[in-house]
Amino acid sequence: MLYRIHFAESVSGLSVGDAVKFRGVDIGTVKAMSLDRPTPRLVQVDVALRKDAPVKTDTKASLKLKGITGVVFIELDGAAREGRPWLR
């Protein structure tokens, strides 16, 4: 499934094809990145996630470094049991 994430911070080091993880488990990849047209201070990142990815309305995305290599990936967290599923 395709999702769009908006970051208010720099996504420097993140590239198309990089990993998207949920609590450390690979669940998808970065498909596209661009500036948000209406709000250019935001960066739009489109990600493709597995159908079974536990994305809910309380899921948060952040950028993480893998070790000291400088490789960046997107880490998702949240999806509490009582959270509502994100509808696409």
Side-chain angles (χ1 to χ4, degrees):
M1 297 187 76
L2 209 65
Y3 291 88
R4 178 164 287 160
I5 302 168
H6 287 94
F7 287 100
E9 63 195 87
S10 171
V11 296
S12 182
L14 187 68
S15 300
V16 171
D18 284 346
V20 179
K21 300 176 182 239
F22 185 88
R23 302 189 65 107
V25 177
D26 286 335
I27 61 166
T29 57
V30 174
K31 292 299 182 184
M33 297 186 302
S34 64
L35 294 176
D36 184 66
R37 284 187 182 263
T39 313
R41 65 178 181 77
L42 297 178
V43 179
Q44 290 182 169
V45 179
D46 294 337
V47 297
L49 304 180
R50 298 185 334 211
K51 286 184 180 183
D52 64 342
V55 177
K56 296 190 177 183
T57 55
D58 67 338
T59 302
K60 302 288 184 214
S62 60
L63 298 176
K64 300 287 184 180
L65 281 173
K66 182 177 182 181
I68 59 170
T69 61
V71 175
V72 178
F73 65 94
I74 296 175
E75 177 77 23
L76 301 180
D77 199 3
R81 186 181 310 218
E82 59 276 356
R84 294 187 333 256
W86 183 261
L87 300 176
R88 294 282 309 153

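All values reported here derive from a predicted model rather than from experimental measurement.
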Derivation and outcome, side chain to side chain contact (heavy atoms under 4.5 Å, CB included), residues Ile74 and Asp18: CA-CA 8 Å; Ile74 296 175; Asp18 284 346; over 6 Å; no
Evaluation steps, side chain to side chain contact (heavy atoms under 4.5 Å, CB included), between Thr59 and Tyr3: CA-CA 12 Å; Thr59 302; Tyr3 291 88; over 6 Å; no
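The hydrophobic cluster containing Val20 does not contain Val71, counting ILVMFWY residues as joined when their side-chain heavy atoms lie under 4.5 angstrom apart, directly or transitively. Under the 4.5 Å side-chain heavy-atom criterion for ILVMFWY residues, no single connected hydrophobic cluster contains both Val16 and Ile27.
Of all non-hydrogen atoms in Ala19 and Asp26, the two that sit nearest each other are CB-OD1, 3.9 Å. Minimum heavy-atom separation, Ser10 to Leu63: O-CD1, 3.4 Å. Closest approach of Phe22 and Glu75 over heavy atoms only: C-OE2, 3.8 Å. Minimum interatomic distance between Leu49 and Gly28 (heavy atoms only, all atoms of both residues): CD2-CA, 4.1 Å.
Between Arg50 and Met1, every side-chain heavy-atom pair lies at or beyond the 4.5 Å cut-off.
If you take CZ on Phe73 and OG on Ser62, they are separated by 8.0 Å, rounding to the nearest 0.5 Å.
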Less than 3.5 Å apart, which donor and acceptor atoms pair up between the side chains of residues 29-44 and the rest of the protein, not counting sequence neighbours?
unit_1	atom_1	unit_2	atom_2	d
Ser34	OG	Gln44	NE2	3.4
Asp36	OD1	His6	NE2	3.4
Asp36	OD2	Thr39	N	3.0

